[in-house]
Structures are given as C-alpha cells and as structure tokens.
Amino acid sequence: DNISTVAFTGDGAKVLTGSSDGTAKLWDSASGEQLKTFAGHRGGIRSASFSPDGSQTVTGSYDLTAKVWDVETCECVTTLVGHRLAVNAAIFTQYGAKHPMIATASDDRTVKVWSQSSCECLCTFDAHQ
C-alpha cells in the first residue's frame with residue numbers, strides 16, 4: 001500500500017507513517033524497526049503528526065475523520081468528526097501553547113480548530129470558498 005504521510009517525533013527518535021490501507025505505523029528512525037501499528041480508520045490516511053510531547057499522534061483520513069491516538073497504547077483516544085470530505089491535514093499546536101489545540105483541513109474547503117483536552121470543535125474557517 002502507498003505511504004502518504006510521514007512525521008518525526010520532536011527528538012527524531014521515531015517516525016510515523018500513514019498509508020492508503022488506513023493504518024499508521026511507528027518506526028525506530030535509527031534501526032528501521034517497526035514498533036507499533038495504529039488501526040481504525042476506514043479510509044486511507046492522508047496526514048499524521050505528533051503532539052509536542054510525543055505522547056499522542058493525530059491522523060487525518062479519507063474517511064472524513066481525524067483520530068487522536070495514545071502513542072504508548074495505540075488506542076484511539078477520540079475521533080474528530082465534522083468534515084464533509086476527506087481530512088487532508090491534522091496538526092497539534094506547538095509546545096507551550098496556552099490552550100493546546102488540533103487543527104484539521106479538509107477537501108470540503110474548511111479548517112476546524114479543536115480543543116485538545118475536550119476534543120470539541122472550537123471554530124470552523126471557511127478557508128477557501
């Protein structure tokens with residue numbers, strides 16, 4: 001299956017890849033050893049990124065959702081639902097942000113900003129209508 005996205009942890013020790021098969025995989029960047037698999041999307045993954053502390057990752061998918069994952073357990077913490085088309089990008093705010101958030105961008109031409117703690121959608125930008 002095609003690999004569509006890649007992200008490093010902040011320290012560069014691990015690499016996360018997302019694939020058209022709907023899984024994300026965590027790798028040791030020095031050895032290339034596969035460490036974990038995150039499975040749960042019903043469509044290919046288009047975007048993946050780590051939280052600033054590396055404890056979570058967020059993936060965006062063709063299944064119209066973004067999922068937040070616990071890196072240690074590989075469990076889906078929450079599914080962010082609200083886009084009408086594929087989620088192209090999903091990122092966390094940088095380390096030290098006053099209010100940690102996640103932003104998602106979609107083929108529906110919107111950007112949504114989500115609270116990282118409550119996973120509520122805080123606002124929607126009709127970005128490029």
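The residues of the chain are indexed from 1 along the displayed sequence.
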Counterpart residues, side-chain contact (heavy atoms from CB on, under 4.5 Å), relative to D11 (two or more places apart): T9, A13

Would you please name every residue forming a side-chain contact (heavy atoms from CB on, under 4.5 Å) with T59, sequence neighbours left out? A24, H41, I45, A48, K67, W69

Sub-4.5 Å side-chain heavy-atom contact between L35 and W27: no

Taking side-chain contact (heavy atoms from CB on, under 4.5 Å) as the test, write out the residues that go with E120, two or more places apart. S118

Test of understanding: with side chain to side chain donor-acceptor pair (under 3.5 Å), list the residues that count as partners of S51, not counting sequence neighbours. D53

Listed partners of T5 passing side chain to side chain donor-acceptor pair (under 3.5 Å), at least two apart: none

Report the residues that fulfil side chain to side chain donor-acceptor pair (under 3.5 Å) with K14, sequence neighbours left out, ordered by chain and then residue number. none

Does one hydrophobic cluster hold both M101 and V111, with members joined at side-chain heavy-atom distances below 4.5 Å? yes

Starting at SG of C74, measure out to CG of L26 and round the result to the nearest 0.5 Å. 7.5 Å

Who else is in the cluster with I91 when I, L, V, M, F, W and Y are joined by side-chain contacts under 4.5 Å? none

Other members of the hydrophobic cluster containing L64, with the 4.5 Å side-chain heavy-atom rule, please. none

Side-chain contact, heavy-atom cut-off 4.5 Å: K25 with Q34? yes

Step by step, work out the side chain to side chain donor-acceptor pair (under 3.5 Å) result for S115 and H99. CA-CA 8 Å; S115 165; H99 303 287; over 6 Å; no

Could you go through F50 and V71, starting from their C-alpha distance and side-chain angles, then the distance that decides it, and tell me whether this counts as side chain to side chain contact (heavy atoms under 4.5 Å, CB included)? CA-CA 9 Å; F50 284 98; V71 171; 4.1 Å; yes

Please list, chain by chain and in numerical order, all residues satisfying side chain to side chain donor-acceptor pair (under 3.5 Å) with S4, sequence neighbours excluded. none

Minimum side-chain heavy-atom gap T110-F125 below 4.5 Å: no

Other than F92, what residues sit in its cluster of Ile, Leu, Val, Met, Phe, Trp and Tyr side chains whose heavy atoms are under 4.5 Å apart, directly or through others? V58, V68, V77, L80, I102, W114

Those residues at least two apart in sequence (or on a different chain) that pass salt bridge (charged side-chain N to carboxylate O under 4.0 Å, His left out) with D107 are R46

Transitively linked via ILVMFWY side-chain contacts under 4.5 Å: V6 with F8? yes

Sequence neighbours left out, what passes side-chain contact (heavy atoms from CB on, under 4.5 Å) with A89? Give chain and number order. S47, A105

